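Note sheet for the following structure.
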Amino acid sequence: MGILTIAGGQSVTDYDGEQLSILAKACFTFGVNHSGFIWPSDVIVATDPDFILKYKNDLKELNRPIITRKWSALQGCGLDLIELPNAIKDRLSGQVACRIADKLAETCKSKSYVIGMDATAGHYYNDESDCSQIVPRDDYDEMGLNSTINLGIHSKISAWPKRSKLPI
């Protein structure tokens with residue numbers, strides 16, 4: 001079916017939750033941070049060590065690999081970590097997930113779909129942070145993703161072609 005990244009932006013609510021869940025189960029799905037707890041996912045992407053340590057027990061219960069940076073604070077924490085070099089260019093966990101998903105889709109001659117990468121304030125599950133202030137929108141253009149389709153109808157990221165229907 002393809003590769004799906006579910007991040008935390010408001011566009012996740014653009015679709016019926018049951019339909020999005022069906023899509024997540026049909027795809028190889030990357031759950032970004034909290035989205036890994038909410039939606040069916042095969043891998044969690046969380047590059048913030050504080051997030052991982054705060055939710056360590058919950059992450060253990062999920063029993064899924066976690067893609068993160070190589071942080072000394074996470075050594076010996078008992079989680080299945082896939083460690084990336086700290087020098088990776090992308091700042092946000094969602095960017096990391098999108099880049100990996102795009103490369104995987106390219107390798108598999110498939111498509112990578114992303115939802116919840118919006119460059120807007122807040123998340124669909126809370127309003128606690130504003131990632132739009134961390135990464136300039138130009139950074140998404142510079143990622144050079146060629147196999148990615150943005151399912152976020154209201155996403156402010158224009159770097160990837162948009163689609164207004166789930167690919168089910």
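Reckoned from all heavy atoms, side chains included, excluding hydrogens, waters and symmetry mates. It should be emphasised that the depicted structure is a prediction, and the values quoted were computed from it without experimental measurement.
Counting non-hydrogen atoms of other residues, nucleotides and ligands closer than 6.0 Å to NZ of Lys162 gives a total above 12. Around NZ of Lys25, the count of heavy atoms belonging to other residues, nucleotides or ligands within 6.0 Å does not exceed 12. At most 12 non-hydrogen atoms from other residues, nucleotides or ligands lie less than 6.0 angstrom from CZ of Arg91. Other residues, nucleotides and ligands contribute only 12 or fewer heavy atoms inside 6.0 Å of the CD atom of Glu18.
Residues Phe30 and Tyr113 are members of separate hydrophobic clusters, defined by side-chain heavy-atom contacts under 4.5 angstrom among Ile, Leu, Val, Met, Phe, Trp and Tyr. At a threshold of 4.5 Å between side-chain heavy atoms, the hydrophobic network of Ile, Leu, Val, Met, Phe, Trp and Tyr places Leu4 and Ile100 in two separate groups. Residue Ile82 is not grouped with residue Leu62 when hydrophobic side chains (ILVMFWY) are merged at heavy-atom distances under 4.5 angstrom, including chains of intermediate members. Linking ILVMFWY residues whenever their side-chain heavy atoms come closer than 4.5 Å, directly or via other members, leaves Ile22 and Leu166 in distinct clusters. Under the 4.5 Å side-chain heavy-atom criterion for grouping Ile, Leu, Val, Met, Phe, Trp and Tyr, Ile149 is connected to Tyr15 within one hydrophobic cluster.
Using a 4.0 Å cut-off between charged side-chain N and carboxylate O, Lys156 and Asp118 make no salt bridge.
Ring geometry for Phe51 against Tyr55 counts as tilted: the plane angle lies between 30° and 60°, on a 0 to 90° scale.
Partner Leu84 forms a side chain to side chain contact (heavy atoms under 4.5 Å, CB included) with one of Asp90, Ile67, Thr68 and no other, that one being Ile67.
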